[in-house]
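For reference, the structure is listed below as C-alpha coordinates.
Atom set for the values below is all heavy atoms of this structure, side chains included, hydrogens, waters and symmetry mates excluded. Lettering of chains follows the sequences in order, A, B, ..., and the numbering in each one begins at 1.
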There are 2 protein chains.
Amino acid sequence: MRRVLEVALEQLAAHGFERLSVPEVAALAGLNKTSVYRRWPTKADLVREALAASMGHTAEALDSGDLRADLLALARTAVVFVESPSGLAVLRTLLAEGANPEVKGLAAAMLHQQGIIGPALVFARAIARGELAQDTDVTLVLTTLAGAIMHRILIEQTPVTEHFLTALIDMVLFGVKRR
Amino acid sequence: MRRVLEVALEQLAAHGFERLSVPEVAALAGLNKTSVYRRWPTKADLVREALAASMGHTAEALDSGDLRADLLALARTAVVFVESPSGLAVLRTLLAEGANPEVKGLAAAMLHQQGIIGPALVFARAIARGELAQDTDVTLVLTTLAGAIMHRILIEQTPVTEHFLTALIDMVLFGVKRR
DNA sequence: CTATAATGCAACCAAGAGTTGCTTTAAGGA
DNA sequence: TCCTTAAAGCAACTCTTGGTTGCATTATAG
(Lines give C-alpha, C1' and ligand atoms only; values in the text may rest on other atoms or scores of the structure.)
Protein backbone atom coordinates (compact mmCIF):
# COMPACT_ATOMS: atom_id res chain seq x y z
CA MET A 1 0.00 0.00 0.00
CA ARG A 2 2.88 2.27 0.80
CA ARG A 3 4.20 1.25 -2.62
CA VAL A 4 1.28 3.07 -4.27
CA LEU A 5 2.29 6.37 -2.76
CA GLU A 6 5.88 5.93 -3.87
CA VAL A 7 4.84 5.10 -7.40
CA ALA A 8 2.41 8.00 -7.46
CA LEU A 9 5.20 10.34 -6.48
CA GLU A 10 7.49 8.98 -9.16
CA GLN A 11 4.81 9.31 -11.78
CA LEU A 12 3.97 12.79 -10.65
CA ALA A 13 7.57 13.87 -10.89
CA ALA A 14 7.98 12.15 -14.22
CA HIS A 15 4.79 13.12 -16.01
CA GLY A 16 3.10 15.86 -14.01
CA PHE A 17 -0.32 15.85 -12.46
CA GLU A 18 -2.30 15.99 -15.64
CA ARG A 19 -0.70 13.00 -17.28
CA LEU A 20 -0.63 10.94 -14.12
CA SER A 21 -2.93 7.95 -14.55
CA VAL A 22 -4.40 6.28 -11.50
CA PRO A 23 -4.84 2.96 -13.29
CA GLU A 24 -1.23 3.08 -14.36
CA VAL A 25 -0.04 3.85 -10.86
CA ALA A 26 -2.04 0.90 -9.64
CA ALA A 27 -0.53 -1.37 -12.25
CA LEU A 28 3.01 -0.23 -11.51
CA ALA A 29 2.41 -0.80 -7.82
CA GLY A 30 1.16 -4.29 -8.54
CA LEU A 31 -2.36 -3.53 -7.38
CA ASN A 32 -5.71 -3.65 -9.02
CA LYS A 33 -7.02 -0.25 -9.91
CA THR A 34 -10.20 -0.76 -7.95
CA SER A 35 -8.20 -1.13 -4.77
CA VAL A 36 -6.55 2.19 -5.39
CA TYR A 37 -9.80 3.92 -6.31
CA ARG A 38 -11.36 2.59 -3.15
CA ARG A 39 -8.85 4.23 -0.89
CA TRP A 40 -8.39 7.42 -2.93
CA PRO A 41 -11.56 8.34 -4.80
CA THR A 42 -9.91 11.09 -6.81
CA LYS A 43 -6.53 11.65 -8.36
CA ALA A 44 -6.05 14.71 -6.18
CA ASP A 45 -6.60 12.65 -3.03
CA LEU A 46 -3.93 10.22 -4.06
CA VAL A 47 -1.43 12.88 -5.01
CA ARG A 48 -2.12 14.89 -1.90
CA GLU A 49 -1.40 11.94 0.35
CA ALA A 50 1.65 10.91 -1.65
CA LEU A 51 3.11 14.37 -1.28
CA ALA A 52 2.20 14.62 2.37
CA ALA A 53 3.80 11.27 3.10
CA SER A 54 7.01 12.31 1.41
CA MET A 55 7.90 15.24 3.59
CA GLY A 56 7.12 15.47 7.28
CA HIS A 57 10.19 17.44 8.21
CA THR A 58 9.79 21.18 8.03
CA ALA A 59 12.63 23.64 8.05
CA GLU A 60 13.03 25.12 11.49
CA ALA A 61 13.70 28.81 11.82
CA LEU A 62 17.36 29.73 12.12
CA ASP A 63 19.03 32.45 14.08
CA SER A 64 22.79 32.40 14.00
CA GLY A 65 23.04 36.13 14.31
CA ASP A 66 24.53 36.40 10.84
CA LEU A 67 22.36 36.94 7.78
CA ARG A 68 24.73 35.20 5.40
CA ALA A 69 24.90 32.10 7.55
CA ASP A 70 21.14 32.04 8.04
CA LEU A 71 20.52 32.42 4.32
CA LEU A 72 22.98 29.71 3.44
CA ALA A 73 21.39 27.27 5.84
CA LEU A 74 17.94 28.18 4.62
CA ALA A 75 18.99 27.82 1.00
CA ARG A 76 20.52 24.43 1.65
CA THR A 77 17.36 23.00 3.12
CA ALA A 78 15.32 24.58 0.35
CA VAL A 79 17.56 23.00 -2.25
CA VAL A 80 17.29 19.61 -0.63
CA PHE A 81 13.54 19.94 -0.88
CA VAL A 82 13.43 21.28 -4.41
CA GLU A 83 15.79 18.61 -5.69
CA SER A 84 13.78 15.85 -4.06
CA PRO A 85 11.18 13.97 -6.08
CA SER A 86 8.28 15.53 -4.26
CA GLY A 87 9.82 18.97 -4.48
CA LEU A 88 10.38 18.61 -8.19
CA ALA A 89 6.87 17.32 -8.56
CA VAL A 90 5.37 20.23 -6.70
CA LEU A 91 7.36 22.82 -8.55
CA ARG A 92 6.84 21.35 -11.99
CA THR A 93 3.17 21.03 -11.30
CA LEU A 94 2.87 24.49 -9.90
CA LEU A 95 4.67 25.99 -12.86
CA ALA A 96 3.00 24.02 -15.53
CA GLU A 97 -0.48 23.86 -14.18
CA GLY A 98 -0.60 27.27 -12.60
CA ALA A 99 -4.04 27.61 -14.10
CA ASN A 100 -5.66 24.48 -12.69
CA PRO A 101 -7.02 25.66 -9.33
CA GLU A 102 -7.39 22.14 -7.97
CA VAL A 103 -3.66 21.70 -8.31
CA LYS A 104 -2.70 25.20 -7.45
CA GLY A 105 -4.04 25.06 -3.92
CA LEU A 106 -2.45 21.72 -3.37
CA ALA A 107 0.99 22.80 -4.49
CA ALA A 108 0.88 26.16 -2.80
CA ALA A 109 -0.06 24.58 0.51
CA MET A 110 2.92 22.32 0.13
CA LEU A 111 5.33 25.15 -0.48
CA HIS A 112 4.04 26.99 2.53
CA GLN A 113 4.22 23.98 4.79
CA GLN A 114 7.77 23.50 3.59
CA GLY A 115 8.79 26.73 5.25
CA ILE A 116 9.29 28.96 2.28
CA ILE A 117 8.17 31.43 4.91
CA GLY A 118 11.24 31.21 7.08
CA PRO A 119 13.22 33.69 5.03
CA ALA A 120 10.94 36.56 5.94
CA LEU A 121 11.85 36.11 9.59
CA VAL A 122 15.53 35.89 8.84
CA PHE A 123 15.40 39.18 7.00
CA ALA A 124 13.33 40.87 9.64
CA ARG A 125 15.96 39.99 12.21
CA ALA A 126 18.77 41.17 9.97
CA ILE A 127 17.04 44.51 9.63
CA ALA A 128 16.40 44.74 13.37
CA ARG A 129 20.06 43.95 13.90
CA GLY A 130 20.99 46.82 11.64
CA GLU A 131 22.69 44.47 9.18
CA LEU A 132 20.33 45.59 6.46
CA ALA A 133 18.84 48.99 5.77
CA GLN A 134 15.33 49.66 7.00
CA ASP A 135 14.01 50.06 3.48
CA THR A 136 15.57 46.94 2.03
CA ASP A 137 13.47 45.39 -0.71
CA VAL A 138 13.17 41.98 0.89
CA THR A 139 10.82 40.71 -1.76
CA LEU A 140 13.31 41.48 -4.49
CA VAL A 141 16.05 39.60 -2.68
CA LEU A 142 13.86 36.58 -2.07
CA THR A 143 12.66 36.55 -5.64
CA THR A 144 16.21 36.73 -6.85
CA LEU A 145 17.56 33.97 -4.66
CA ALA A 146 14.66 31.64 -5.23
CA GLY A 147 14.60 32.38 -8.93
CA ALA A 148 18.27 31.70 -9.41
CA ILE A 149 18.07 28.39 -7.60
CA MET A 150 14.99 27.27 -9.48
CA HIS A 151 16.43 28.33 -12.80
CA ARG A 152 19.50 26.31 -12.04
CA ILE A 153 17.54 23.22 -11.14
CA LEU A 154 14.59 23.34 -13.49
CA ILE A 155 15.98 24.91 -16.62
CA GLU A 156 19.70 24.33 -16.60
CA GLN A 157 19.06 21.04 -14.84
CA THR A 158 22.40 21.36 -13.10
CA PRO A 159 22.86 20.32 -9.48
CA VAL A 160 23.19 23.15 -7.00
CA THR A 161 26.74 23.05 -5.69
CA GLU A 162 27.91 24.60 -2.47
CA HIS A 163 30.09 26.87 -4.56
CA PHE A 164 27.14 28.11 -6.57
CA LEU A 165 25.18 28.78 -3.44
CA THR A 166 27.86 30.81 -1.70
CA ALA A 167 28.69 32.75 -4.85
CA LEU A 168 25.02 33.55 -5.38
CA ILE A 169 24.37 34.65 -1.83
CA ASP A 170 27.57 36.66 -1.61
CA MET A 171 26.79 38.45 -4.82
CA VAL A 172 23.24 39.29 -3.88
CA LEU A 173 24.07 40.26 -0.31
CA PHE A 174 26.85 42.49 -1.49
CA GLY A 175 24.54 44.11 -3.95
CA VAL A 176 21.79 44.69 -1.46
CA LYS A 177 23.81 45.81 1.52
CA ARG A 178 25.26 48.95 0.04
CA ARG A 179 23.01 50.99 -2.06
CA MET B 1 -7.80 29.71 -40.76
CA ARG B 2 -5.46 32.16 -39.12
CA ARG B 3 -7.93 32.12 -36.26
CA VAL B 4 -7.04 28.51 -35.53
CA LEU B 5 -3.42 29.41 -34.88
CA GLU B 6 -4.39 32.20 -32.55
CA VAL B 7 -6.72 29.99 -30.59
CA ALA B 8 -4.13 27.23 -30.46
CA LEU B 9 -1.67 29.66 -28.96
CA GLU B 10 -4.15 30.84 -26.37
CA GLN B 11 -5.01 27.30 -25.41
CA LEU B 12 -1.37 26.37 -25.25
CA ALA B 13 -0.62 29.25 -22.93
CA ALA B 14 -3.69 28.53 -20.85
CA HIS B 15 -3.53 24.76 -20.50
CA GLY B 16 -0.14 23.60 -21.71
CA PHE B 17 0.67 21.23 -24.51
CA GLU B 18 -0.60 18.10 -22.87
CA ARG B 19 -4.06 19.38 -22.09
CA LEU B 20 -4.46 21.19 -25.38
CA SER B 21 -7.27 19.55 -27.31
CA VAL B 22 -7.36 19.83 -31.07
CA PRO B 23 -11.14 19.34 -31.23
CA GLU B 24 -11.57 22.08 -28.70
CA VAL B 25 -9.32 24.44 -30.59
CA ALA B 26 -11.35 23.76 -33.71
CA ALA B 27 -14.60 24.45 -31.90
CA LEU B 28 -13.31 27.70 -30.41
CA ALA B 29 -12.11 28.79 -33.81
CA GLY B 30 -15.53 28.06 -35.27
CA LEU B 31 -14.24 25.26 -37.48
CA ASN B 32 -15.08 21.65 -37.74
CA LYS B 33 -12.43 19.44 -36.21
CA THR B 34 -11.96 17.53 -39.42
CA SER B 35 -10.83 20.66 -41.18
CA VAL B 36 -8.18 21.22 -38.56
CA TYR B 37 -7.03 17.63 -38.58
CA ARG B 38 -6.75 17.78 -42.33
CA ARG B 39 -4.29 20.62 -42.31
CA TRP B 40 -2.38 19.59 -39.17
CA PRO B 41 -2.39 15.83 -38.76
CA THR B 42 -0.86 15.94 -35.28
CA LYS B 43 -1.09 18.24 -32.30
CA ALA B 44 2.62 18.95 -32.54
CA ASP B 45 2.21 20.15 -36.12
CA LEU B 46 -0.47 22.59 -35.10
CA VAL B 47 1.42 23.91 -32.11
CA ARG B 48 4.65 24.21 -34.04
CA GLU B 49 3.03 26.36 -36.69
CA ALA B 50 1.14 28.42 -34.15
CA LEU B 51 4.34 29.22 -32.31
CA ALA B 52 6.28 29.91 -35.48
CA ALA B 53 3.60 32.29 -36.70
CA SER B 54 3.63 34.22 -33.44
CA MET B 55 7.19 35.43 -33.42
CA GLY B 56 9.23 36.43 -36.41
CA HIS B 57 11.09 39.25 -34.71
CA THR B 58 14.34 38.31 -33.02
CA ALA B 59 16.20 40.46 -30.53
CA GLU B 60 19.08 42.23 -32.18
CA ALA B 61 22.38 42.52 -30.38
CA LEU B 62 22.88 45.74 -28.46
CA ASP B 63 25.99 47.78 -27.90
CA SER B 64 25.47 51.03 -26.08
CA GLY B 65 28.85 50.93 -24.44
CA ASP B 66 27.28 50.57 -21.01
CA LEU B 67 26.61 47.20 -19.48
CA ARG B 68 23.69 48.38 -17.39
CA ALA B 69 21.94 49.92 -20.36
CA ASP B 70 22.57 46.87 -22.51
CA LEU B 71 21.26 44.55 -19.84
CA LEU B 72 18.17 46.64 -19.29
CA ALA B 73 17.35 46.68 -22.97
CA LEU B 74 17.99 42.97 -23.24
CA ALA B 75 15.86 42.24 -20.20
CA ARG B 76 13.03 44.34 -21.55
CA THR B 77 12.81 42.45 -24.81
CA ALA B 78 13.18 39.17 -22.94
CA VAL B 79 10.31 40.14 -20.67
CA VAL B 80 8.14 41.11 -23.59
CA PHE B 81 8.72 37.69 -25.02
CA VAL B 82 8.27 35.76 -21.81
CA GLU B 83 5.08 37.60 -20.96
CA SER B 84 3.63 37.03 -24.40
CA PRO B 85 1.30 34.10 -24.96
CA SER B 86 3.82 32.20 -27.01
CA GLY B 87 6.59 32.93 -24.55
CA LEU B 88 4.51 31.77 -21.64
CA ALA B 89 3.50 28.73 -23.59
CA VAL B 90 7.05 27.83 -24.45
CA LEU B 91 8.32 28.32 -20.93
CA ARG B 92 5.50 26.54 -19.21
CA THR B 93 5.78 23.70 -21.63
CA LEU B 94 9.52 23.51 -21.35
CA LEU B 95 9.38 23.47 -17.58
CA ALA B 96 6.49 21.14 -17.17
CA GLU B 97 7.07 18.76 -19.98
CA GLY B 98 10.82 18.74 -19.92
CA ALA B 99 10.58 14.99 -20.21
CA ASN B 100 8.48 14.79 -23.37
CA PRO B 101 11.09 14.88 -26.15
CA GLU B 102 8.55 15.81 -28.78
CA VAL B 103 7.90 19.02 -26.92
CA LYS B 104 11.40 19.61 -25.68
CA GLY B 105 12.97 20.06 -29.08
CA LEU B 106 10.15 22.32 -30.14
CA ALA B 107 10.45 24.61 -27.15
CA ALA B 108 14.21 24.67 -27.02
CA ALA B 109 14.44 25.69 -30.67
CA MET B 110 12.06 28.52 -29.92
CA LEU B 111 14.11 29.85 -27.02
CA HIS B 112 17.25 29.80 -29.10
CA GLN B 113 15.68 31.52 -32.04
CA GLN B 114 14.43 34.14 -29.63
CA GLY B 115 17.97 35.27 -28.90
CA ILE B 116 18.44 34.09 -25.37
CA ILE B 117 22.01 34.01 -26.61
CA GLY B 118 22.55 37.75 -26.84
CA PRO B 119 23.53 38.25 -23.21
CA ALA B 120 26.78 36.34 -23.62
CA LEU B 121 27.96 38.92 -26.15
CA VAL B 122 26.98 41.82 -23.96
CA PHE B 123 29.03 40.44 -21.09
CA ALA B 124 32.00 39.64 -23.28
CA ARG B 125 32.09 43.26 -24.38
CA ALA B 126 31.75 44.53 -20.83
CA ILE B 127 34.74 42.44 -19.83
CA ALA B 128 36.75 43.59 -22.83
CA ARG B 129 35.86 47.16 -21.90
CA GLY B 130 37.20 46.55 -18.41
CA GLU B 131 33.81 47.19 -16.88
CA LEU B 132 33.80 43.71 -15.39
CA ALA B 133 36.64 41.66 -14.00
CA GLN B 134 38.23 39.10 -16.25
CA ASP B 135 37.13 36.25 -14.02
CA THR B 136 33.52 37.32 -13.65
CA ASP B 137 31.14 34.40 -13.30
CA VAL B 138 28.94 35.30 -16.23
CA THR B 139 26.89 32.16 -15.93
CA LEU B 140 25.97 32.98 -12.37
CA VAL B 141 24.85 36.46 -13.31
CA LEU B 142 22.75 35.21 -16.20
CA THR B 143 21.20 32.49 -14.11
CA THR B 144 20.36 35.02 -11.45
CA LEU B 145 18.80 37.57 -13.76
CA ALA B 146 16.85 35.05 -15.79
CA GLY B 147 15.78 33.19 -12.69
CA ALA B 148 14.50 36.25 -10.92
CA ILE B 149 12.48 37.34 -13.92
CA MET B 150 10.99 33.92 -14.48
CA HIS B 151 10.20 33.50 -10.82
CA ARG B 152 8.41 36.78 -10.88
CA ILE B 153 6.36 35.89 -13.92
CA LEU B 154 5.72 32.20 -13.51
CA ILE B 155 5.49 31.75 -9.78
CA GLU B 156 4.52 35.07 -8.28
CA GLN B 157 2.52 35.77 -11.43
CA THR B 158 3.21 39.45 -11.02
CA PRO B 159 3.95 41.68 -14.00
CA VAL B 160 7.53 42.79 -14.39
CA THR B 161 7.64 46.51 -13.75
CA GLU B 162 10.34 48.85 -14.89
CA HIS B 163 11.10 49.48 -11.25
CA PHE B 164 11.61 45.80 -10.55
CA LEU B 165 13.90 45.47 -13.53
CA THR B 166 16.17 48.36 -12.63
CA ALA B 167 16.28 47.37 -8.97
CA LEU B 168 17.19 43.84 -9.92
CA ILE B 169 19.88 44.77 -12.37
CA ASP B 170 21.35 47.41 -10.11
CA MET B 171 21.51 45.01 -7.22
CA VAL B 172 23.13 42.24 -9.21
CA LEU B 173 25.54 44.50 -11.05
CA PHE B 174 26.61 46.10 -7.82
CA GLY B 175 27.16 42.72 -6.30
CA VAL B 176 29.17 41.40 -9.19
CA LYS B 177 31.30 44.42 -9.93
CA ARG B 178 33.19 44.58 -6.69
CA ARG B 179 34.19 41.38 -5.15
C1' DC C 1 -22.15 26.09 -65.97
C1' DT C 2 -19.16 22.87 -64.58
C1' DA C 3 -14.99 20.95 -62.37
C1' DT C 4 -12.27 20.99 -58.40
C1' DA C 5 -10.85 22.05 -54.00
C1' DA C 6 -12.09 23.24 -49.31
C1' DT C 7 -15.24 22.66 -45.54
C1' DG C 8 -19.03 20.56 -42.92
C1' DC C 9 -21.10 16.72 -40.81
C1' DA C 10 -22.45 12.55 -38.81
C1' DA C 11 -21.20 8.13 -37.74
C1' DC C 12 -17.77 5.41 -36.09
C1' DC C 13 -13.48 3.42 -33.65
C1' DA C 14 -10.26 3.01 -29.94
C1' DA C 15 -8.38 4.05 -25.61
C1' DG C 16 -8.59 5.25 -21.17
C1' DA C 17 -10.74 6.89 -16.78
C1' DG C 18 -13.71 5.69 -13.40
C1' DT C 19 -17.86 2.57 -11.48
C1' DT C 20 -20.19 -1.55 -9.92
C1' DG C 21 -21.37 -6.15 -8.38
C1' DC C 22 -19.60 -10.07 -7.21
C1' DT C 23 -15.85 -13.45 -6.03
C1' DT C 24 -11.66 -14.66 -3.86
C1' DT C 25 -8.18 -14.36 -0.50
C1' DA C 26 -6.34 -13.45 4.21
C1' DA C 27 -6.38 -12.99 8.98
C1' DG C 28 -8.05 -13.41 13.49
C1' DG C 29 -10.95 -15.04 17.03
C1' DA C 30 -14.01 -18.61 19.09
C1' DT D 1 -10.31 -26.03 12.73
C1' DC D 2 -13.91 -23.33 11.28
C1' DC D 3 -16.32 -19.10 10.74
C1' DT D 4 -16.60 -14.20 10.27
C1' DT D 5 -15.17 -10.10 8.26
C1' DA D 6 -12.35 -6.86 5.93
C1' DA D 7 -9.44 -6.14 2.09
C1' DA D 8 -8.13 -7.08 -2.50
C1' DG D 9 -9.09 -8.98 -7.15
C1' DC D 10 -11.56 -9.17 -11.30
C1' DA D 11 -14.44 -8.72 -15.14
C1' DA D 12 -17.79 -6.16 -17.31
C1' DC D 13 -19.76 -1.88 -18.17
C1' DT D 14 -20.34 3.27 -18.91
C1' DC D 15 -18.78 7.61 -20.52
C1' DT D 16 -15.81 10.79 -22.30
C1' DT D 17 -12.50 12.17 -25.63
C1' DG D 18 -9.21 11.98 -29.28
C1' DG D 19 -8.89 10.82 -33.80
C1' DT D 20 -10.66 8.66 -38.51
C1' DT D 21 -13.55 8.02 -42.54
C1' DG D 22 -16.99 8.50 -46.20
C1' DC D 23 -19.94 11.31 -48.07
C1' DA D 24 -22.64 15.64 -48.69
C1' DT D 25 -22.29 20.61 -49.24
C1' DT D 26 -20.47 24.92 -50.37
C1' DA D 27 -17.61 27.92 -52.76
C1' DT D 28 -14.35 29.39 -56.26
C1' DA D 29 -12.59 29.76 -60.69
C1' DG D 30 -12.03 28.70 -65.45
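- Legend: residues meeting salt bridge (charged side-chain N to carboxylate O under 4.0 Å, His left out) with Arg38(B), ordered by chain and number and at least two apart, are absent.
- Of all nucleotides in DNA chain D having an atom under 4.0 Å from a heavy atom of chain B, the first and last in 5' to 3' order are dG18(D) to dT21(D).
- Contacts of Ala27(B) classified as side chain to side chain contact (heavy atoms under 4.5 Å, CB included), with partners at least two apart in sequence or in another chain: none.
- Near DNA chain D, meaning a heavy atom under 4.0 Å from it, residues 2-12 of chain A has no residue at all.
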Each nucleotide N or O in nucleotides 19-21 of chain C that has a protein N or O under 3.5 Å away: list the pair and distance.
none

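- Between the side chain of Arg152(B) and the backbone N or O of Pro159(B) there is at least one donor-acceptor pair closer than 3.5 Å.
- In this view, Glu156(A) satisfies the salt bridge (charged side-chain N to carboxylate O under 4.0 Å, His left out) rule with no residue, not counting sequence neighbours.
- Not counting sequence neighbours, the partners of Glu49(A) by the side chain to side chain contact (heavy atoms under 4.5 Å, CB included) test are Leu5(A), Trp40(A).
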Go through Val141(B) and Met171(A) one step at a time and tell me if the side-chain contact (heavy atoms from CB on, under 4.5 Å) criterion holds.
CA-CA 9 Å; Val141(B) 177; Met171(A) 178 179 76; 4.2 Å; yes
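- Qualifying side chain to side chain contact (heavy atoms under 4.5 Å, CB included) partners for Leu142(B), counting only residues two or more places apart in sequence or in other chains: Pro119(B), Phe123(B), Val138(B).
- For Arg39(A), there are no salt bridge (charged side-chain N to carboxylate O under 4.0 Å, His left out) partners at least two apart in sequence or on another chain.
- The backbone N or O of Val160(A) lies less than 3.5 Å from a partner atom in the side chain of Glu83(A), making a donor-acceptor pair.
- At whole-Å resolution of the value, CG in Asn32(A) and P in dT25(C) are 14 Å apart.
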Under-3.5 Å N/O pairs linking protein and nucleotides 3-6 of chain C:
none

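- With sequence neighbours left out, Ala124(B) forms a side chain to side chain contact (heavy atoms under 4.5 Å, CB included) with no residue at all.
- We find that CH2 of Trp40(A) is positioned 15 Å from P of dG18(C), with the value rounded to whole Å.
- Side-chain atoms of Glu131(B) come within 3.5 Å of backbone atoms of Leu67(B) as a donor-acceptor pair (strictly under, hydrogens ignored).
- Applying the side chain to side chain donor-acceptor pair (under 3.5 Å) rule to pairs touching residues 20-33 of chain A yields Asn32(A)-Thr34(A), sequence neighbours excluded.
- Nearest heavy-atom pair across Glu162(A) and Leu72(A) is OE2-CD2, 4.2 Å.
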